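Notes for the one structure printed next.
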Amino acid sequence: MKNLLMLAAALTIGSTLTSAGAAPYVNEAKYSNAKGTPDMGGVLRGANLADFKTINPFTYRESPSLPGSILVAGGLLGYDAYSGDFTPYMAESYTQSADKTLFTLKIRKGMKWSDGEDITADDYMTTYTIERDEKVGSNAFSGWYPNEKPIIVKKLDAYTITIKYPNADVTALEFIGAYAPQPSHIFDSVYKTKGAEGIKAMWSVSTPAAQIVSAGPFKLERYVPGERVTLTKNKFFGEWNKDSAGRALPYLDGLQINIVADANAQLAAFLAGNTDVYQPGDRDKLAQVKAAIDAKKLTANLLPNASSRASSDFVVFNQDTAGSFKGKLFRNVKFRQVFSQLVNRDAMVDLVLGGLGVPTYTGVYPVYKDWVAGGADQFKFNPTAAAATLKSLGFSKKDKDGVLVDAKGNRLEFTLIANAENTRRQQYAKIIADEALKVGVKINTSFIAFNQMSGLLDAKPNFAPRSFDAIMIGLVGGGLTYPVSSDNVITCNNLPADGNLHMFNQTGKCIYPFETQIVNLYYKGRGEFNLAKRKDVAVSIQKLEAANQPVTYLAAQTVHYAWQTKVQGEVPKQIMRDDLSNVIYGPRDLALTWINK
Amino acid sequence: MVPFILRRLVQLIPTFLLATLVAFVIIQLAPGDFLSQLKENPRATAVQIQQLTTLYGLDRPGWQQYFQWLFNLLRGDLGLSFQYNQPVLQLIKGPALNSLILVGISVVISFAVAIPVGVYGALRPYSFGDRFSSFLAYFGLGIPSFFFALLAIYALLVTQQTTGWDMPIGGKTSGSLPADISAGRHAWDIFVHALVPSIILVLRSISSDSRVIRGQMLETMGQDYIRTARAKGLGDRQVTYKHALKIALLPIIASIGGFLPALIGGAGFVEVVFSWPGLTPMLLSAFFNNDLYVLMSTLAVSTLLYIIGNLLSDLLLAAVDPRIRYT
């Protein structure tokens, strides 16, 4: 969340220029709620549920991670949460070709790694070269191949690079915004001599902290596996990052991340004052924090329902085959609409989420509220209408168990599977089954291990029909610029044999016209640079989803934040969002956070 | 004695192989693999999944994976963790040592409390003290330790909030201490953190061991040779501790072999609830992520320790009980 900095504007603030004559980046005050002069020093203490597995920026897979969430300054561009624009950050300026495929970026001079080495174009080339080596197995690999065509990065001089996109793509700025450098003076020689294996062996959790280099506001001081990570201020960060009064950032002396593997123990640690920030995961924990504050046992701020979560829960029917009674039924759009009308989303929010959530009707996570299409709730909970439609589909009689049957004697009964680890989904499933039975639809619920469930969802060899009726699952992850869907969720033709998320149809071919329409609209949106027009495309996609119910969306949780009152500098409520918050430290820019003495 | 040990050591080989094979098959039977979670990520592409499958050797047949692992194990290489990209041996050293601290303190507390309580109960059966300790023992046996741990954390929290007494409520060390404290201060810090989880951990074994000792003592005290000892004019103390307790302890000694695998098996959910960086949290994470070789290798090592522990128990029994002879 870095704001726009015009070069001319920075040059007028003469006093903030570094000795090298480079312009530092000014972190504007509008990203922090803190009032008054910040106190310098102090350590901000947070907690993480799991041990960190690695510090290697090329091989990490976890979230949150040290290299991805903590030891980074940011990317070439920042994101202005107020305007939605991508603005210069580690790049001090950039230009874009007329066809919007070639970006030329001037890298900010005066930036340094925590060991004092300059950050230059070479460091961006290191990221580019190593992330694209398939033998390294970086999570970032696929990002370099949008639509399976490569992005090409070239170094023009020590402080200039060009990025060439295969097509005009509206998500390009978001990708460039996240494009972070990796220290070439550390990784290049290893990569040249030992290749991918050499890179994979670097920076494990047992590597001495002094060898780990960071571009961010903090560098690693000590990591005791299973116990805690301590980080200390990177003084070089302050040379190119100032606050609006010209003070070097960060204000804090350091960070501490305690490994607390149990959710109840995390709550206890916060209530005991052993951690400074906390995110109550459910209604009960929220209530306990509230009670402790009310009883004056805890001096903390609590912000319930601060933002919706950037994740979804939905039910997907197996529509692979029309050869069976159930297959035919699940392929009937009227039946899927009926199912949506049997989902009592308000009851899910009230009973399961304790009122702390919102019903959802489309695939756009509710956190992107500007993008969620209005009127997508045409098939909201309505058992009367559902019963009438079922009658028109030929289900007019009930058998002795009260389950609807058609003229051929087929019972309206199927099995809904959810993962056993997730009590929320199990409770959702029970609510659906209860309401459905009232109109004569018998839904059996079955709760199995997540891996087993995902095995049922995966495509079978030669795209043979899969063997399940309905599964309740969710997705996380997406993008800021175009948060509608993603390639591997919508693609229906020429599916790869594995790893595809087009969950309702794994036949390898599109079966409905709306599937092709959504694919076409999606790529039209990817090439649409006008925000308003792009949102129109997003609305069209969601309307198709709402009308055809390829999957049925249920409800989304909201997030809650708590922090000890002495912690200053959370972002204003207006731009407080789950997807923009630090996974460990919550809705704050760590560089602008300080502790009241 | 020596042929007996040798014979047991030879028997160890097929037992060990069979145990690892069963473990491997069971792990392989579990649905999914290390990459199952990644497959449901909208940003992971099929090409990427394919690459990683090859990278981790997950595309090879199961028997090949097993023999490769076994071959490496014989050379002292426990394999590589997928999650950490680090050798398993290096990975489990720290957590194993941490678990050892908890289990070690627990063993000491267990013997120090269970033996006197058991003996007291046998010497004064159905007295108030005996009834009270029996009540506590049934309570200790009945309550799940992870649940009791949560209650303990709550009690510590309330105590801290009302009295301001700064008792650690989780973790292994205090985050507010500087890194350069003396070794003695550091050891004390760890001990203070380990105390409550150790006590909770030990409740169960105190409860069961004290009941066993009490029962055994009661039975032994009624034996003829005890009457004989008394008739010889031996003092109460000598009769109780030299003649009766030695025999009453036999079942406890027979179970000592179980301590060895427990040392590496981790202290269970108490570690998770108290954020103690032992083996259990690590094994749980390996379990949930199908981190194959971490699971296999810790299972193999604890199997080995179990077999050796049993052997040790047998030898100890022979040393204590004159009636047992190994040939």
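Just so you know, these numbers come straight off a predicted model, no measurement behind them. Per chain, numbering begins at 1; letters A, B, ... match sequence-line order.
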Do you know which of [options] has the most heavy-atom pairs with chain A at a distance under 4.5 angstrom?
options	result
Ser81(B), Pro95(B), Gly175(B)	Gly175(B)
Val273(B), Thr173(B), Ile169(B), Asn85(B)	Thr173(B)
Ser285(B), Pro168(B), Ser275(B)	Ser275(B)

### Query
For the residue pair Tyr84(B) and Phe52(A), what are the closest heavy atoms and their distance?
CE2-O, 3.6 Å

[X], part contacting chain B, at a heavy-atom distance under 4.5 Å:
X	value
Ile259(A)	backbone
Ala268(A)	both
Asn274(A)	side chain
Glu134(A)	both
Ser138(A)	backbone
Tyr60(A)	neither

### Task
For Leu150(B) and Asn264(A), run side chain to side chain contact (heavy atoms under 4.5 Å, CB included): C-alpha distance rounded to whole Å, both residues' side-chain angles, the deciding distance at 0.1 Å, then the answer.
CA-CA 8 Å; Leu150(B) 283 174; Asn264(A) 290 306; 3.8 Å; yes

## Note on the structure
NZ of Lys297(A) to CD of Gln160(B), rounded to nearest 0.5 Å, is 11.5 Å

### Query
How long is the gap from CD1 on Ile153(B) to CG on Asp262(A), to the nearest 0.5 Å?
7.0 Å

#### Entry: Results of side chain to side chain donor-acceptor pair (under 3.5 Å) for Ser174(B) - residues two or more places apart only
Ser176(B)

### Task
Output the option from Thr230(A), Val224(A), Val260(A), Ile448(A) having the highest count of non-hydrogen pairs under 4.5 Å with chain B.
Val260(A)

### Task
Tell me, yes or no, whether the heavy-atom count around Arg222(A) atom CZ, taken from other residues, nucleotides or ligands under 6.0 Å, exceeds 12.
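12 or below, so no.
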
### Query
Under 6.0 Å from the CZ atom of Arg204(B), do we count more than 12 heavy atoms belonging to anything else shown?
no

### Task
Measure from the side-chain N and O atoms of Gln86(B) to the backbone N and O of Ser204(A), and report whether any donor-acceptor pair falls under 3.5 Å.
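No.
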
